[in-house]
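Note that this is a predicted model, so its numbers are computed, not measured.
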Amino acid sequence: MSQTTASVEQADAKPPQDPAKRKPPSRTTTRVVVAVGFILIAALVIFLFLSPPDPDARPTSLGFSFNSFFQWIGNLGPIVQIPIVLLVFGVVVAILLVLIEYAPRKGTGYFWLRLISSFAIPFIALMMLRPYQNAVLYVVPIALIAGGLLFYADYRAREGAGYLYQLTLFLAPAAILILVGLIYPTISTVIQSFFDKTGENFVGMDNYVWAFTNPQGFWSIINTLIWAIFAPIFSTIVGLAYAAFMERARGDRILKILVFIPFAIAPVSISLIWKFVYDYRQGNQIGILNAIVVAFGGEPVRWLDTWPLVNTFCLLFAFVWAQTGFAMVVLSAAIKAVPAEQMEAAQLDGTNAWQRFINVTVPGIRTAIVIVLTTITISALKLYDIVAVMTGGRSNSTVLGFEMVNQQQRFQSYGHAAALAVLIFVFVTPLIIYNVRQLRLQREVR
């Protein structure tokens with residue numbers, strides 16, 4: 001009886017808690033601390049940019065900096081520069097790999113390795129930018145707060161200490177490149193669009209008003225919209241026709257290569273080829289289009305100077321010639337992915353080839369058609385090379401991409417150029433979002 005009672009008491013007794021297993025930290029506390037830390041960093045950054053510049057302030061560094069490194073390596077010969085750059089790149093990658101491999105491990109030594117590197121990496125990175133003496137008061141706290149947030153969030157991570165640290169090191173190089181090469185220029189361009197050509201005086205929306213009222217800005221917007229509407233439609237229709245007819249043609253691989261070649265040619269080369277096609281001169285014509293016109297008894301035409309819209313569509317056809325190969329390859333692959341059972345079922349229902357193409361093939365490749373349309377539209381919105389080489393924007397043939405560079409390089413009007421760049425961004429962004437959503441829907445279907 002006593003043994004039975006003892007066994008029942010043992011069963012009812014709670015198992016001893018493992019001291020190694022601690023209660024997972026509260027995510028709410030971690031999020032609040034991290035949010036407050038980011039707010040402090042943002043405030044310090046704002047104060048840094050708003051603080052009045054000191055003309056007598058000198059850059060402060062740790063004895064070496066990115067600037068001094070690039071100046072030193074720039075004085076060396078090209079043959080010596082290559083191995084040094086590769087060596088430095090290898091050392092940086094090796095340090096990151098060592099930290100990614102060893103720092104997340106458990107143990108006192110690894111704990112201190114994470115702690116030191118969390119504070120040291122942001123501090124060294126920011127100090128190597130050589131901040132001015134009056135900016136060190138902001139740069140150092142920013143580095144210390146960033147390092148403290150990294151270590152605190154990593155230490156309280158539910159996945160275990162070292163998880164967020166490792167994840168941050170993995171993502172940091174790409175995140176820095178995106179921040180420096182994409183996010184910062186975007187914000188800077190938007191701000192610049194509200195200042196005058198010198199970038200010193202605030203002018204509000206004047207640059208955008210200029211873009212829609214000045215002939216150069218106005219026609220660049222109109223022509224860009226024409227390109228964005230007609231170029232993808234023409235390219236997709238012709239590419240789809242090529243893809244459909246070549247599926248059953250003999251030597252389809254060779255034919256597809258011939259159609260795809262223009263897409264592989266550099267845009268400048270395409271522009272030169274079509275510039276000869278539209279060439280105009282007195283006497284003997286070397287441009288094939290005017291040669292045909294003259295052969296039938298007509299007068300040569302200044303195709304690239306004929307306005308309105310004639311010169312724009314002449315440029316557009318050169319772009320379509322190049323993009324048709326891209327559309328053909330993508331749509332051809334999509335057509336091959338259409339289930340053969342659907343085609344056989346439609347054939348048994350007594351449909352002809354055209355009906356099968358319209359009712360079976362086209363709906364089956366809808367996603368590919370959308371991707372081709374949006375991709376070519378984005379390329380048309382940021383077009384530069386063809387207009388620059390063939391017309392130089394004369395006779396109201398300019399587009400946003402060319403006019404943006406023209407305003408900056410030729411007229412030194414950075415405000416107008418920034419406003420045109422923002423307009424391109426506004427036109428392109430919805431298409432990119434739509435394209436990404438279509439790709440996600442396609443993956444979900446698969």
Side-chain angles (χ1 to χ4, degrees), residues 223-249 251-265 267 270 312-313 315-347 349 351-383 386 399-401 424-446:
N223 290 332
T224 299
L225 294 177
I226 292 173
W227 280 76
I229 293 172
F230 290 99
I233 293 176
F234 290 163
S235 300
T236 304
I237 291 175
V238 177
L240 182 58
Y242 274 128
F245 285 114
M246 290 181 183
E247 283 301 313
R248 298 183 180 180
D252 59 323
R253 294 182 179 179
I254 298 176
L255 295 175
K256 289 179 180 179
I257 291 174
L258 294 176
V259 175
F260 185 75
I261 284 177
F263 181 73
I265 299 176
I270 293 173
T312 297
F313 277 94
L315 301 177
L316 189 146
F317 289 143
F319 180 77
V320 171
W321 181 67
Q323 295 296 322
T324 297
F326 164 75
M328 181 268 300
V329 170
V330 176
L331 297 177
S332 177
I335 290 174
K336 290 182 179 180
V338 176
E341 295 80 4
Q342 296 181 4
M343 301 297 292
E344 293 173 358
Q347 189 173 5
D349 290 340
T351 58
N352 55 36
W354 175 252
Q355 291 173 334
R356 290 194 297 273
F357 177 76
I358 294 297
N359 298 316
V360 179
T361 303
V362 172
I365 62 173
R366 177 182 176 277
T367 303
I369 293 175
V370 170
I371 292 174
V372 169
L373 284 171
T374 53
T375 303
I376 296 178
T377 303
I378 293 171
S379 300
L381 288 173
K382 57 188 182 69
L383 183 80
I386 292 178
V399 292
L400 281 174
I424 295 175
F425 179 78
V426 171
F427 290 154
V428 170
T429 301
L431 295 173
I432 295 177
I433 296 173
Y434 181 74
N435 210 350
V436 171
R437 292 185 61 184
Q438 291 298 317
L439 290 174
R440 289 181 177 177
L441 292 175
Q442 185 179 11
R443 291 177 182 175
E444 292 176 359
V445 171
R446 291 180 179 177

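Contact check for Pro339 versus Gln342: side-chain heavy atoms found under the 4.5 Å cut-off. Side-chain contact between Thr375 and Phe326 is present, with heavy atoms from C-beta onward closer than 4.5 Å. Annotation: side chain of Ile386 is not in contact with side chain of Val399 (no heavy-atom distance under 4.5 Å). Here the side chains of Phe234 and Thr324 are not in contact, with every heavy-atom distance at 4.5 Å or above.
Taking CD1 from Ile237 and CD1 from Ile369, the interatomic distance works out to 10.0 Å, rounded to the nearest 0.5 Å. With rounding to the nearest 0.5 angstrom, the CZ atom of Phe230 is 11.0 Å from the CG atom of Leu225. A distance of 4.5 Å separates CD1 in Ile335 from CD1 in Ile365, rounded to the nearest 0.5 Å. From Leu373, atom CG reaches atom CD1 of Ile378 across 11.0 Å, with rounding to the nearest 0.5 Å. The distance from the CG atom of Asn223 to the OG1 atom of Thr312 is 3.5 Å, given to the nearest 0.5 Å. Between the CG atom in Leu331 and the CG atom in Leu240 there is a gap of 5.5 Å [rounded to 0.5 Å].
Here the shortest heavy-atom pairing between Ile376 and Ser235 reads CD1-CB, 3.6 Å. Residues Ala231 and Ala380 approach most closely at CB-CB, 4.3 Å, considering heavy atoms. Considering every non-hydrogen atom in both Ala318 and Ile270, the closest pair reads O-CG2, 3.9 Å.
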If you apply the rule side chain to side chain contact (heavy atoms under 4.5 Å, CB included), what do you find for Met343 with Thr361, and how did you get there?
CA-CA 8 Å; Met343 301 297 292; Thr361 303; 3.8 Å; yes
Give the C-alpha distance, both sets of side-chain angles, the deciding distance and a yes or no for side chain to side chain contact (heavy atoms under 4.5 Å, CB included) between Ser332 and Met246.
CA-CA 9 Å; Ser332 177; Met246 290 181 183; over 6 Å; no
Go through the steps to decide whether Leu255 and Tyr242 satisfy the test side chain to side chain contact (heavy atoms under 4.5 Å, CB included), and finish with yes or no.
CA-CA 9 Å; Leu255 295 175; Tyr242 274 128; over 6 Å; no
Evaluate the criterion side chain to side chain contact (heavy atoms under 4.5 Å, CB included) for residue pair Thr351 and Val360; output intermediate values, then yes/no.
CA-CA 11 Å; Thr351 58; Val360 179; over 6 Å; no
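For the pair Gln355 (side chain) and Asn352 (backbone), a donor-acceptor distance under 3.5 Å is present. The main-chain N or O of Val426 is never found under 3.5 Å from a side-chain atom of Thr429 such that the two would form a donor-acceptor pair.
Annotation for Ile254: atom CD1 does not count as buried by contact number, only 12 or fewer foreign heavy atoms lying within 6.0 Å. Taking a 6.0 Å sphere around CZ of Phe260, one finds it holds more than 12 heavy atoms contributed by other residues, nucleotides or ligands.
Between Phe319 and Trp227, the two ring planes are perpendicular [angle over 60°; tilted spans 30° to 60°].
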